[in-house]
Visitor: 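Quick one: structure below, then a few questions.
Convention: sequence-line order gives letters A, B, ...; per-chain numbering from 1.
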Amino acid sequence: MEYAFYIAAAVAVLSTLRVVTSINAVHALLYLIVSLIAVAMVFFALGAPFAGVLEIIVYAGAIMVLFVFVVMMLNLGQASVEQEKSWFNPRMWVGPSVMVAVMLIVMLVALFESPGTGMITGELIDAKMVGKALYGPYVLMVELASMLLLAGVITAYHLGRDDSMRPTREMNEPKQRLSHDHRGTR
Amino acid sequence: MSWLTPTVIDTVIAVVQAIVILLAAVVSGALLSFVERRLLGWWQDRYGPNRVGPFGSLQLAADMLKMFFKEDWIPVFADRKIFTLAPVIAMASLLLSFMIIPITPGWGVADLNVGLLFFFAMAGVNVYAVLFAGYASANKYALLGALRASAQTLSYEVFMGLSLMGVVAMAGTFNMRDIVTAQADMWNIIPQFFGFCTFLIAGVAVTHRSPFDQPEAEQELSDGYHIEYSGMKWGMFFVGEYIGVVLISALIATLFFGGWTGPWLPPIVWFLLKTGFFIMLFVLFRAALPRPRYDRVMSFGWKFCLPLTLINLLVTGAVILLNAPATS
């Protein structure tokens, strides 16, 4: 299982790098999907198949589809590729990269200094255990997330409401506007 | 023969089983193109393909020859890499899902404990085939078809997952083999009738089959997302669709009709009979039903099927809690 972990982790890191360095937006999204699937693979290797499958269903299967959807609608052509190419010069990315590299070195040193138990035990965490944990110690989080979701649903309903389905307002509207105009001219 | 240890023999048997199941899935998907056209002809009171070979049985060979020798043309304005990738995703993601289907007590590729979720993951990945095909073709009909397809697939996948949660709750596991054995007393079709109805609808919609074939509506979109495809790439989309039909039929047989179980006949025969029945049902849908308008399809999914699956799940949960022996 450790080989699977290291291979999947390497794929995740490389594909995420390509997300940043890709000039074409759809190609970058494709690499991001590969990266997410690789992370799911890491979960599988660590003995959490439930988390891995949910990662693919939620992130790769739903959220990234919406990303691709939006990029497709924007219909970015060759012009945006040229623009990206001009933005992607060393002057832009050297500064942030150096700072992030410093943080990476600090983290690596901290990781190797600390006496960790960095072995994969292969302990399997299945759906039932995840459910028991969610409705046991983490029940507050589940409730808060459900409230957030409810707010999202209500907002979506409000935004997506079809006004043409309500005949009373449609009949009143022109009359009101007319009287309003009257008052304005007077 | 020192290397012929029991583990090696088991591995070889598992690999051979996997290859046989893979080939059977692909061949049945390909054969279905001929079977469907004959059945459509029969049900619509016309002939169907009946010229090539006895009763038209060599039609498939003729179609394949045509497909192989057709020029495999990629439009100059297309995004070549993604254009090539799309049909691969279309076929591979559905073929991978066959892995979780237990065919008989001894046959099946993988016995995953997240079995059913693996199918949802692969169905989610399958959306990209259509999206990328539509994007990479750089054609407005393909783009419109892909937008419709992805919106339709996303909405129907939401309640496809929910429609099966009743089955999962009753069996207490995502493992397909355990779901089959949990139906020993009663097939899930009786307690989970609404789950079955919604899963059937969602299955037709997710495989883009008629009457939910909005993305490739010939009249409006002149074939939708695969309009620019030809030769083997188009063939992969085509076979992928039929593999989807076989997959959904096998899933319905496994999840709602007791899989391989049944009296008198051997398990494999029962599995094939049940799966074959639902494949016929898919073809009958196409023969009998007209295509609804796109906005009707979407509102039917969100306003009717989604609440129905939620109520079904709630009632199932309540019944399970009532029947459960009191603990602690």
Side-chain angles (χ1 to χ4, degrees), chain A residues 18 22-34 36-37 40-41 43-44 47-78 81 124-132 135 153 156-157 160 162 164-165, chain B residues 77 79-83 85-86 89 93 100 110 112-138 140 142-144 146-151 153-155 157-158 160-161 165 168-169 172-175 225 295 298-299 302-303 306:
Chain A
R18 287 294 293 145
S22 272
I23 290 165
N24 188 321
V26 172
H27 292 180
L29 283 175
L30 185 57
Y31 278 114
L32 190 50
I33 296 161
V34 172
L36 288 168
I37 293 174
M41 188 65 207
F43 278 128
F44 270 104
F50 189 67
V53 172
L54 283 192
E55 168 101 14
I56 297 182
I57 294 174
V58 175
Y59 287 100
I63 294 174
M64 291 312 297
V65 172
L66 297 180
F67 274 60
V68 177
F69 207 96
V70 170
V71 172
M72 253 170 69
M73 298 273 259
L74 294 176
N75 195 18
L76 308 165
Q78 198 58 40
V81 172
L124 207 67
I125 295 164
D126 60 3
K128 204 168 257 179
M129 285 159 78
V130 174
K132 276 182 179 164
Y135 284 92
V153 167
Y157 178 75
D162 192 359
S164 67
M165 297 299 279
Chain B
F77 45 81
D79 189 333
R80 292 185 69 94
K81 279 186 227 160
I82 294 185
F83 190 86
L85 184 68
I89 300 175
S93 62
I100 59 156
L112 297 175
N113 64 351
V114 287
L116 202 49
L117 289 173
F118 186 81
F119 161 67
F120 293 139
M122 288 299 118
V125 171
N126 194 35
V127 181
Y128 290 114
V130 177
L131 264 181
F132 286 152
Y135 162 77
S137 299
K140 58 185 127 181
L143 191 69
L144 280 175
L147 287 180
R148 279 186 177 189
S150 45
T153 314
L154 272 182
S155 353
E157 263 171 13
V158 170
M160 179 164 81
M165 283 311 121
V168 171
T173 172
F174 287 109
N175 186 314
Y225 59 87
D295 58 327
M298 295 298 279
S299 61
W302 284 109
K303 292 181 183 165
L306 183 67

Visitor: Given a strict heavy-atom distance threshold of 4.5 Å, which part of B/Leu154 is in contact with chain A: side chain, backbone, both, or neither?
Guide: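 For B/Leu154, the contact with chain A is made by the side chain alone.
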
Visitor: Please rank A/Asn24, A/Val58, A/Ile56, A/Ile33 by heavy-atom pairs under 4.5 Å with chain B and give me the top one.
Guide: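 Heavy-atom pair counts peak at A/Ile33.
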
Visitor: When only pairs under 4.5 Å are counted, which of B/Val114, B/Val158, B/Thr173, B/Thr153 shares the most heavy-atom pairs with chain A?
Guide: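 When all of B/Val114, B/Val158, B/Thr173, B/Thr153 are compared, B/Val114 has the most.
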
Visitor: How many angstroms lie between CG in B/Asn175 and CG in B/Leu117, if you round to the nearest 0.5 Å?
Guide: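 Output value for this atom pair is 11.0 Å.
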
Visitor: Around atom CZ of A/Phe69, are there more than 12 heavy atoms of other residues, nucleotides or ligands at under 6.0 Å?
Guide: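 Buried by this count: over 12 neighbours within 6.0 Å.
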
Visitor: Taking only residues two or more places apart in sequence, or in another chain, which ones meet A/Leu30 in a side-chain contact (heavy atoms from CB on, under 4.5 Å)?
Guide: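 Testing A/Leu30 for side-chain contact (heavy atoms from CB on, under 4.5 Å), a comparison that skips the adjacent residues, returns B/Ile82, B/Leu85, B/Phe132.
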
Visitor: Identify every side-chain donor-acceptor pair in residues 123-130 of chain B under 3.5 Å, counting partners at least two apart or on other chains, and give the distances.
Guide:
unit_1   : atom_1 : unit_2  : atom_2 : d
B/Asn126 : OD1    : B/Ser93 : OG     : 3.1
B/Tyr128 : OH     : A/Ala60 : O      : 2.1
B/Tyr128 : OH     : A/Val65 : N      : 3.4

Visitor: In terms of heavy-atom pairs under 4.5 Å with chain B, which of A/Gly61, A/Ala62, A/Ala40 leads?
Guide: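 Greatest number of close heavy-atom pairs with chain B: A/Gly61.
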
